[in-house]
Every structure is written in C-alpha cells, then in structure tokens.
Amino acid sequence: MKSLNKFLQISTLAWFLAIGTSQSFGQSNPNDQLTSARTSNVITSNSISSVITSGVMGGTGAFRMSLGRNNNYQFNPSSVIEAKQALPSVMVDNFKDPEEADLAFLCDSSFVNDLKIAHDSNHINQGSYLLNAHDGGLAGSVDLSNWSIWGTPVFSQFSNNIQPYTSNGSVKIALIGIEHNYEDTFISGVSFAFDSTNADTYNGTFNSRGATVSPYLVYVINDSLTADISMGFGVASLSSSSNGTGGPNYGSSVDHRYFLATGLTKRSDLGNKFSLTSRIVFNYFKDGIDSYVDSTGTSNAAVNTNLSQLKLGGQLAYETKRITPFFALYGLANSFNASTSQTTQEYSASYQTLIGVNFSKEPFFGTVAYQMERDRSQFRLYGGIRF
C-alpha cells in the first residue's frame, strides 16, 4: 500500500506539472473543501463505471484497441442490437455456434462491413470464415488478442445547491485503461484517472489535481445480464481560498480518496429499436483531507466523509446507427457521515434523472448528457476519435 501511495503521489505531481501550475489558493478551514473534493471522487467513479459497463453491454463508452500482433481491425464497443442490424438474419442462421448469433463481441465498422459484403456477394462461407477468426481459428489472419487498451476524455460541469455549502465548477478527467477478456465471460482490467477540478464555493474558490488507480471486473452472466465491481484508490492536491474580514486566506492540503462500486445490469430489447437497461448499484465513497496550516498560521485538523449509496433504476434508449437518444431515472438511498458538520450533507433519499445522446460517426464517438438530482445538476461530455 505504501508503494501504491507513492506511485499515486508521483502521478499526481506529474499531472499537476503537465497541465501547468496555477496560483495557490487555500482557506483557513478544510471543512469547506470536502464538498468539491467529494464531487470529484463521485464523478471519477461514475465515469469509470460507465465505461466498463458500456463496453460490454453496448454503446460508445471508450476508444478500445486490441493488442493482437496480427490484428487488422480496431475493436470498439458495438451493441448487440447494432450488430444484429448490420448483419441480415439469413447469415445469422448459418452460424454454427448459437452464441455467435448474439454477436456480443467487440467489433468495429470495418469488421461488420466485411461481413455485409460477404453476405451481399452470397459468400456465406466467407462470412463464417471471418467470424471463425474471432475464435482464433485462423492463425495469421485476424489475431484477436484477449488484451486491449482503452481511453477517453471526460468533461463534467456541476452545480451543488444544497445549503449552506454550495459550489459550482468543472471536472476534467483523462481516463485510460488496460483489460483482459477471458472467453467473453470475465473482463478484468485496471484504469488510471487523472483529474483536474476548478470550482467556486460559497465563500471562495477550490482547485485540485488528482490521480486514481481503479482495478475492475465484469462478469458476463448471459447475453443480457452482467455483474461488475470496481474500486479506486487515489490522492489529490487541494488548494482553495476563503474570503475573510481581514482579506482572503490561502492554504493547501491533500485528499486521500477511495471508492467502491458494484452493480448488476440487465439489458432488454423492446423492439422497434428501443432498449431498456435496468441497473442496481451500491456505491461507497470516502474522502479524507489532511491537516494543514493556512496562510494566517492557523492549524486545521484533518477531516473526512463517508457516503454509502444504493442506486436503482433504468435507462430507455432508442438505438439507431449514428445517434442513440436516452432517458434514465434512478432512485437514490444515501447514508452519510462526516467528522465535521461544516460540509454539504446528503439527503437520505433523492432521485436522479439523466437525458442525453450517444453518437457515433466515424471516426468520432461520444456522449452528451444532462443529469439532475435534488438540489444538484451536472452536464457531462465524453468521447474521442477511433483510429
């Protein structure tokens, strides 16, 4: 654990230097930092969960590239519905393995296009030839490695209006990861998140630069049901300012953050291009801010928060080849405690709605979404370019 903490601290320093050093702001009390620090932790965890589940259940969660030596295709998430629409049913009927008919594997437009050409030319055997390559039947043709790398940038703009410790600002995250696919059943990996947060608080400003390491595992129970778990360990350098009667106070500290997310996801095809994704997830977030001395020479004690959350709901989507609009509704049950009362409390029960669009137009992909909760809102954007 010591070596991990050292690695995270070095990564955070490198990230801080890479994006540029800004003026150091601090405040005379670390309590107010907790709200924005916890927001960064929650957004990072949710982004990772979204990417690892969308990569399996379909969607445009991240750019993925197979590490196979002879791989002629860049494999990216393709939903079951999209893959089935790309291939005529007559070809699906000729698959030897029933599991192949579900097409729940990672493929890109070039791979699907080759299959369509094979069918249009009445080369059913050629279509099977390409699919058998997916199972490693053709040495030296299409080498589908079980290892892949992925990455995506994330931008989130948030507003916390729970009184009295309000804040609003933005979080920018660079997510990268490496994962292993074991027979399309167990998908394990580790992700690295480098984040930058800038916010205006009710009494000043807040800035942070952080790094998080998150191992994860996805178990594909069947073609429509998956279970996932991820946990994160990170550190962030914090700096903020507060407006006092004698002028602003400045200071800085370090946030040690942890999260755990485990959930169950079920995806159902409703017909007419509609799909329903139901999800239940348990989240746990912990933030601990070190003690420090502010610019006035005042010593400030360490503070921490713990948030446990149960989330239940679903997402309705209309899937087309290029654009997939969606609407989601979830219920939230929270259990929150802190070592201080001077931080934004959490409602014991709340709601979360999400409306947005997934888009995919070669070579671009991504998601634009607006999220609303009780006295909270968030705009989220992530995407990238396929190579």
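In the model, Ser196 has a side-chain atom that pairs as donor or acceptor with a side-chain atom of Arg209 under 3.5 Å. Arg380 and Gln371 form a side-chain donor-acceptor contact under 3.5 Å, judged by distance and modelled atom types alone. Tyr216 and Glu179 share a donor-acceptor pair across their side chains, judged by distance under 3.5 Å alone.
Here the side chain of Thr298 pairs no donor or acceptor atom with the backbone of Asp294 at under 3.5 angstrom. At least one donor-acceptor pair closer than 3.5 Å links the side chain of Thr262 to the backbone N or O of Asp228. Although no hydrogens or angles enter the test, the distance criterion places no donor-acceptor pair under 3.5 Å between the side chain of Thr205 and the main chain of Thr201. Proximity of a side-chain donor or acceptor of Ser49 to a complementary backbone N or O of Ser45 within less than 3.5 Å is detected. Formation of a donor-acceptor pair under 3.5 Å by the Ser214 side chain with backbone atoms of Met231 is found in this model. Looking only at distances, a side-chain donor or acceptor of Ser295 sits under 3.5 Å from a matching main-chain atom of Tyr250. For Ser253 (side chain) and Asp290 (main-chain N/O), a donor-acceptor pair under 3.5 Å exists by modelled atom type. The backbone N or O of Asp200 lies less than 3.5 Å from no partner atom in the side chain of Ser167, so there is not a single donor-acceptor pair. Looking only at distances, no side-chain donor or acceptor of Thr166 sits under 3.5 Å from a matching main-chain atom of Ile162. Remark: side-chain polar atoms of Asn222 are paired, donor with acceptor, to backbone N or O of Ser224 under 3.5 angstrom.
Contact detail for Ala338 and Thr305: the closest heavy-atom pair is CB-CG2, 3.7 Å. Contact record, Asn41 with Asp287: ND2-OD2, 3.3 Å, taken as the closest heavy-atom pair. The shortest heavy-atom contact between Thr324 and Glu319 is OG1-CA, 3.7 Å.
The OH atom of Tyr318 sits 4.5 Å away from the NZ atom of Lys273 when rounded to the nearest 0.5 Å. A distance of 12.0 Å separates CZ in Arg38 from CD1 in Ile43, rounded to the nearest 0.5 Å. Here the OG atom belonging to Ser230 is positioned 10.0 Å from the CG atom belonging to Leu217, to the nearest 0.5 angstrom. Interatomic distance, OH of Tyr258 versus OG1 of Thr212, reported as 11.0 Å (0.5 Å rounding). To the nearest 0.5 Å, atoms CG (Leu354) and CD (Gln352) are separated by 6.5 Å. For the atom pair OG of Ser170 and CD of Gln378, the computed distance is 11.0 Å after rounding to the nearest 0.5 Å.
Looking at Asp195, Thr367, Leu175, Val171 one by one, the single match for side chain to side chain contact (heavy atoms under 4.5 Å, CB included) with Val154 turns out to be Leu175. The only option from Ile48, Asn46, Val42 that meets the side chain to side chain contact (heavy atoms under 4.5 Å, CB included) definition with Phe259 turns out to be Ile48.
Ring pair Phe186/Tyr219 is parallel by interplanar angle, where below 30° counts as parallel and above 60° as perpendicular.
Remark: Arg374 does not engage Glu346 in a salt bridge, criterion side-chain N to carboxylate O under 4.0 Å. Using a 4.0 Å cut-off between charged side-chain N and carboxylate O, Asp255 and Lys286 make no salt bridge.
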I'd like to know whether Thr277 forms a side-chain contact (heavy atoms from CB on, under 4.5 Å) with Thr265, so could you lay out the CA-CA distance, the side-chain angles of the two residues, the decisive distance to 0.1 Å, and finally the verdict.
CA-CA 7 Å; Thr277 302; Thr265 305; 3.5 Å; yes

Go through the steps to decide whether Ile178 and Trp147 satisfy the test side-chain contact (heavy atoms from CB on, under 4.5 Å), and finish with yes or no.
CA-CA 7 Å; Ile178 182 169; Trp147 290 92; 4.1 Å; yes

Would you sort out whether Phe379 and Tyr370 count as a ring-ring contact (aromatic ring centres under 6.0 Å, His included), showing the intermediate values?
CA-CA 5 Å; Phe379 170 79; Tyr370 183 72; 7.4 Å; no

Walk me through it: do Leu307 and Asn334 pass the test side-chain contact (heavy atoms from CB on, under 4.5 Å)?
CA-CA 7 Å; Leu307 171 62; Asn334 298 317; 4.0 Å; yes

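Counting heavy atoms of neighbouring residues, nucleotides and ligands inside a 6.0 Å radius, atom CD1 of Ile323 does not exceed 12 of them.
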